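Here the structure comes first, spelled out in structure tokens, and everything after it is commentary.
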Amino acid sequence: MRKIQFIGYGVELPKNTVNFKEQTRYRISGDEKQISLAVSACQKALKNANITINNIDCIVSASAVGIQPIPCMAALIHEKIAKGTSIPALDINTTCTSFITALDIMSYLLEAGRYKRVLIVSCDVASRALNPKQKESFQLFSDGAVAFIIEKTDEEIGVIDAMQKTWSEGAHSTEIRGGLSNFHPENYSESTKEEFMFDMCGKTVLALSIKKIPKMMEEFLENNNMKISDIDMLIPHQASVAMPIVMEKLGVPKGKYIDEVKEFGNMVSASVPMTLAHALEKQKIKNGDIILLIGTAAGLTTNMMLIKI
């Protein structure tokens, strides 16, 4: 076990909401920007933990799409909350599962003594790249930011185990092709603008997920001599309204996982930590519980992580 604990978290949502029938989605508008959401979430997390930025040893941005190509998003967040300090700042990106990947990597560094306290922030504004012609994705995604502060502890809590797998046959089922070297901005025009928008084939992603993830789950649980019944709560990426289908395939009963797709939609990298923050706030998970963070991401990448709270 990598002995770490959560000592604070902060959530920031855009003021504007859009409703699609009974589904609520958060979308930035007016002067709201991605950086402002991220900074606010970080400030709330610091306040919640009753510490200042000077108590942080590393700032990690675990977001799918950054503010700009260079510098890394963490450096731009650093400028807003830690300017004048030399706190290291870095990005960790596996798109929708970036938070789980960052938590996995940084838990090793905390356990090794490299850092004592780390701030991880996930923030995406998917609405900026949605294609109105793709009804499925246009009505699914939301904007938001979540920050968590983790620290090393001597208690018998923390990361029990984690696993990540990537099946690149799904690499082009969820993508934005334009904007960097593959399809340079100089190629942008009215006729090519959809290359710069989010493109997803939900049915293909779902089919690949249902084919691959149950076997991965079986392997992961066997590695830890556990069954679904040993887990107190699953915190899944709010990938789509098809979540109940996937959970059923995994053998996870209703009441054992949290489904907030209707209320919040898919917040990309912020999805898993947002659901985790809500679970802590509403006391759906408590001290001593064993939880499973699980999610799929573009790639197709899947992450699983067992944590004792």
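A quick note: this is a predicted structure, and the numbers were derived from the prediction, not measured.
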Verdict with reasoning, Asn303 to Met305, per side chain to side chain contact (heavy atoms under 4.5 Å, CB included): CA-CA 7 Å; Asn303 292 68; Met305 175 180 281; over 6 Å; no

So [Y] and [X], do their side chains get closer than 4.5 Å, heavy atoms only?
X	Y	result
Asn187	Glu195	no
Asp104	Gln164	no
Gln34	Arg128	no
Met304	Asp161	no
Ile231	Met226	yes
Ile290	Leu306	yes
Thr174	Thr95	no
Phe6	Ile307	yes

For the residue pair Thr166 / Thr301, report whether a side-chain donor-acceptor contact shorter than 3.5 Å exists. yes

For the residue pair Ser173 / Thr204, report whether a side-chain donor-acceptor contact shorter than 3.5 Å exists. no

Flag yes if [X] and [Y] sit in one hydrophobic cluster, no otherwise; membership is Ile, Leu, Val, Met, Phe, Trp, Tyr, and two members link when side-chain heavy atoms are under 4.5 Å apart.
X	Y	answer
Leu276	Ile100	yes
Ile105	Val60	yes
Met243	Val252	yes
Ile53	Met106	no
Ile51	Ile59	yes

Is the shortest distance from a Lys or Arg side-chain nitrogen in Glu156 or Lys308 to a carboxylate oxygen in the other one below 4.0 Å? no

Salt-bridged, Asp57 to Arg114, with N to O below 4.0 Å? no

When the side chains of residues 207-221 are checked against the rest of the protein, which donor-acceptor pairs come out under 3.5 Å, sequence neighbours left out?
from, atom 1, to, atom 2, distance (Å)
Ser209, OG, Val205, O, 2.8
Glu219, OE1, Lys165, NZ, 3.4

Drop me the distance from [X]'s [atom1] to [Y]'s [atom2], to the nearest 0.5 angstrom.
X	Y	atom1	atom2	value
Ile35	Ser40	CD1	OG	11.5 Å
Ile258	Ile291	CD1	CD1	8.5 Å
Met200	Ser137	CE	OG	5.0 Å
Ile285	Asp232	CD1	CG	9.5 Å

If you apply the rule side chain to side chain donor-acceptor pair (under 3.5 Å), what do you find for Ser269 with Ser98, and how did you get there? CA-CA 6 Å; Ser269 68; Ser98 295; 5.5 Å; no

Arg27 to Phe138 six-membered ring, cation-pi geometry met (6.0 Å, 45°): yes

With Lys15, which residues qualify under salt bridge (Lys or Arg N to Asp or Glu O under 4.0 Å), at least two apart? Glu32

Which donor-acceptor pairs under 3.5 Å do side chains of residues 70-80 form with protein atoms, sequence neighbours excluded?
from, atom 1, to, atom 2, distance (Å)
His78, NE2, Thr85, OG1, 3.4
His78, NE2, Ile87, O, 3.0

Quick one: does any side-chain atom of [X] pair with a main-chain N or O of [Y] as donor and acceptor, under 3.5 Å?
X	Y	result
Asn48	Tyr9	yes
Asp124	Ala64	yes
Arg117	Ile149	no
Asp199	Ile176	no
Glu111	Lys3	yes

Counting only heavy atoms from other residues, nucleotides and ligands, does the tally under 6.0 Å from CD of Glu263 exceed 12? yes

Lys21 atom NZ, neighbour heavy-atom count above 12 within 6.0 Å: no

From Pro273, Cys123, Ser142, Ser122, residue fulfilling side-chain contact (heavy atoms from CB on, under 4.5 Å) relative to Met267: Ser142

Gln238 and side-chain contact (heavy atoms from CB on, under 4.5 Å): which single residue from Val272, Val268, Asp259 fits? Asp259

Are Phe196 and Phe183 near enough that their ring centres are under 6.0 Å apart? yes

How are the rings of His278 and Phe264 set to each other: parallel, tilted or perpendicular (split at 30° and 60°)? tilted

For side chain to side chain contact (heavy atoms under 4.5 Å, CB included), just list the numbers for Tyr108 and Val159, CA-CA rounded to whole Å, side-chain angles, deciding distance to a tenth of an Å, and then say yes or no. CA-CA 9 Å; Tyr108 280 108; Val159 177; over 6 Å; no

Output, in order, the C-alpha distance, side-chain angles, deciding distance and verdict of side chain to side chain contact (heavy atoms under 4.5 Å, CB included) for Val261 and Gln23. CA-CA 8 Å; Val261 175; Gln23 306 280 321; 4.1 Å; yes

With side chain to side chain contact (heavy atoms under 4.5 Å, CB included) as the criterion, how do Val246 and Tyr257 come out once you've worked through the C-alpha distance, each side chain's angles and the decisive distance to 0.1 Å? CA-CA 11 Å; Val246 177; Tyr257 65 92; over 6 Å; no

